[in-house]
**Student:** 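Could you have a look at this structure, given as structure tokens, before my questions?
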Amino acid sequence: LREDAESGQALADNLTELLPAGSRTSATPNGFEALIEIGERRPDVLITDLGVAGLDFFRMVHFLRDHARERLMVVVLVASEADRAGVRERLPEDVAVLGVPAESANLAARVWALLKDGP
């Protein structure tokens with residue numbers, strides 16, 4: 001879920017190469033389309049950043065965590081340590097908050113570690 005569709009798709013494409021066979025990734029051009037896709041595809045992991053225009057980001061994350069039919073891991077990418085601390089305070093404990101730039105290999109490794117071990 002990224003407002004910058006090109007960089008979001010590039011990240012999704014790079015992650016696809018690093019994940020086990022059968023894994024699917026996608027990027028959407030805006031938050032509203034992402035929410036529709038989340039409802040339709042029911043992903044295991046949502047990777048997002050704070051730049052979701054037109055939506056209350058924190059409310060969206062809380063809503064997704066509270067209403068997901070299955071377990072949904074949410075990973076939030078933030079630009080700085082200062083942002084990271086502030087964001088961490090406003091999100092549920094089980095949401096992972098990672099710094100950026102997130103190199104695809106590092107992000108894939110972190111996501112699989114979180115899936116294996118929990119948040």
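Residue numbers count from 1 along this sequence.
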**Student:** Hey, any chance Ile36 and Phe57 share a hydrophobic cluster, counting ILVMFWY side chains that come within less than 4.5 Å of each other, even indirectly?
**Tutor:** no

**Student:** Using a cut-off of 6.0 Å, state whether more than 12 heavy atoms not belonging to Arg41 lie near its atom CZ.
**Tutor:** yes

**Student:** Rounded to the nearest 0.5 Å, how far apart are CG of Leu72 and CD1 of Ile38?
**Tutor:** 6.5 Å

**Student:** So, for Arg65 and Val74, which heavy atoms are closest and what is the spacing to 0.1 Å?
**Tutor:** CD-CG2, 3.5 Å

**Student:** Does the His62 side chain pair with the main chain of Arg90, one donor and one acceptor, at a distance under 3.5 Å?
**Tutor:** yes

**Student:** Does one hydrophobic cluster hold both Phe63 and Ile47, with members joined at side-chain heavy-atom distances below 4.5 Å?
**Tutor:** no

**Student:** Using the side chain to side chain contact (heavy atoms under 4.5 Å, CB included) rule, take Leu77 and Thr48 through it: C-alpha gap first, then chi angles, then the decisive distance, then the call.
**Tutor:** CA-CA 6 Å; Leu77 303 176; Thr48 186; over 6 Å; no

**Student:** Please report the interatomic distance CG(Leu46) to CD(Glu37), rounded to the nearest 0.5 Å.
**Tutor:** 10.5 Å

**Student:** With a 4.5 Å cut-off on side-chain heavy atoms, are Met73 and Pro43 touching?
**Tutor:** no

**Student:** Would you call Val76 and Asp49 a side-chain contact if the rule is heavy atoms closer than 4.5 Å?
**Tutor:** no

**Student:** Going by the rule side chain to side chain contact (heavy atoms under 4.5 Å, CB included), which residues pair with Arg88 if we only count those two or more places apart in sequence or in a different chain?
**Tutor:** Leu91, Val95, Val97

**Student:** Yes or no on side chain to side chain contact (heavy atoms under 4.5 Å, CB included) for Leu64 and Leu35, after CA distance, side-chain angles and deciding distance?
**Tutor:** CA-CA 9 Å; Leu64 287 171; Leu35 291 174; 4.1 Å; yes

**Student:** Applying salt bridge (charged side-chain N to carboxylate O under 4.0 Å, His left out) as the test, list every pair that has at least one member in residues 26-35; sequence neighbours left out.
**Tutor:** none

